[in-house]
Structures are given as C-alpha cells and as structure tokens.
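Lettering of chains follows the sequences in order, A, B, ..., and the numbering in each one begins at 1. Everything quoted here is computed from the prediction, not taken from an experiment.
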Amino acid sequence: MNYWLMKSEPAVYSIADLERDKVTGWDGVRNYQARNIIRDQMRVGDLALFYHSNAAPPGVAGLMRVVREAYPDATAWDPASDHYDVRSTPDKPVWLQVDLEYVCAFRTFVALPAIKNDPDLGGIMVARRGARLSVQPVSPAHFSHICRLGGCQ
DNA sequence: GCCAACGTTGGC
DNA sequence: GCCAACGTTGGC
C-alpha cells in the first residue's frame, strides 16, 4: 500500500465536492513526473491526502482512496477543456488519471504552516524541495501523523 | 499581485 | 545537448 498527497485548488474542486460526489476522476494532471507516478505507482487501495492548494491557508483537508488505476484523461482531447492538449488523442493518450473515492473530511484542517512547524513531519515533500509536484509520495509515518492531526482514523 | 522555484520550449 | 527565454505553480 502506498501513500500520496494530491493537490487541488478548492475553488476548482474541494474535499466538500468529493464528499458530495463520492468518487471522482482526478483529471487535468499535466506534469510528466506526476503522470509517471499515476501510471507506474498508484494502485487500487492506496490512500491519498487531499491537499487544498492556492487556499488561505493551504493544507490537508481530508482523505481519499484509489479505486481505479491509470486510464486515459479524456479532457486532454476535448478542445473545450482548460486542459486540452493537441498532442494527446484517444489512440495515443499522453495524459492519465485515476479515480478516487471519498474517505473522510478532516475534523481539523491541517494547515501548511502547522506541517512546516511539526518536528514529526520533518523532510515532508510538500514543505520542501519538490513542493510544487501535484502528486507526491508521503511516508507511512508522515501520513498517519497527518491523519491523526486531522482527526480522521 | 509579487515572485521564487522549476518545468518546458526552441534556437543554435 | 546546451541554455536562455518563457510559462506555470503556488506560497505569501
């Protein structure tokens, strides 16, 4: 079982939207490093922290689970989509997505400044080098600590 | 809105 | 393949 942190701007799609939808296709990833993680490493049953980026403050808002492994992201060949990419076609898809299901919304939002100041979360990627990557690995120890801070399982 | 970090593009 | 220019992310 692997653990991840996945970013979304809450103004676009938030943990409350996922709670309503129950399952969502995590489309729109347009970074090769993030795509390769989705393609090569994300497996059904993996858990992911739902991170609110571009928020005030940013931070972890809840928990979700992978329920479908990598498959083509159809928004890439939709000219009407904000994520349209002329290089990707149904025959040769460039961009991939997974499906994620809602697990819980944190009772306590775990804000980025608290993450940075927590000695138990030293070295976590979201606070350091590679912070911009929209799909990141999280160590089991860091993952369980953030879940405990958030008040979710 | 600013800007640092960093990924991508394209000329050579 | 180098690297300067440019675009994007995302914290602040």
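Within 4.0 Å of A:R35, counting heavy atoms only, lies no atom of the nucleic acid at all.
Of the side-chain N and O atoms in A:K7, one or more sit less than 4.0 angstrom from OP1 or OP2 of C:dG10. Residue A:Y51 has a polar side-chain atom (N or O) positioned under 4.0 Å from OP1 or OP2 of C:dG11.
Remark: side-chain polar atoms of A:D99 are not paired, donor with acceptor, to backbone N or O of A:E69 under 3.5 angstrom.
Look at CD on A:Q136: it is 12 Å from C1' on C:dT9, rounded to the nearest Å. Atom-to-atom, CE of A:M6 to P of C:dT9 comes out at 16 Å; the value is rounded to the nearest Å. Atom CE in A:M125 sits about 13 Å away from atom P in C:dG10, given to the nearest Å. If you measure from atom CG of A:L133 to atom C1' of C:dT9, you get 11 Å, rounded to the nearest angstrom. With rounding to whole Å, A:R128 atom CZ is found 18 Å from C:dG10 atom C1'. To the nearest angstrom, P of C:dG7 lies 18 Å from CG of A:N31. Nucleotide C:dT8 holds its P atom 13 Å from the CD atom of A:E9, rounded to whole Å. With rounding to whole Å, A:D85 atom CG is found 13 Å from C:dT8 atom P.
Mapping A:Y32 and A:N54 onto DNA chain B via the closest heavy atom, the residue that lands nearer the 5' end is A:N54. Nearest-nucleotide positions on DNA chain B place A:R132 closer to the 5' end than the other of A:R132 and A:R30.
Nearest to the side chain of A:S53, among B:dA5, C:dG10, B:dT8, sits C:dG10.
Salt bridge annotation for A:D73-A:R30: present, with a cationic side-chain nitrogen under 4.0 angstrom from a carboxylate oxygen. Salt-bridge check for A:K22 with A:E101: failed, with every basic side-chain N at 4.0 Å or more from each acidic carboxylate O.
For A:L133 against A:Q136, the heavy-atom pair with the smallest separation is O-NE2, 3.0 Å.
Classification of the A:Y13-A:F50 ring pair by plane angle, with boundaries at 30° and 60°, yields parallel.
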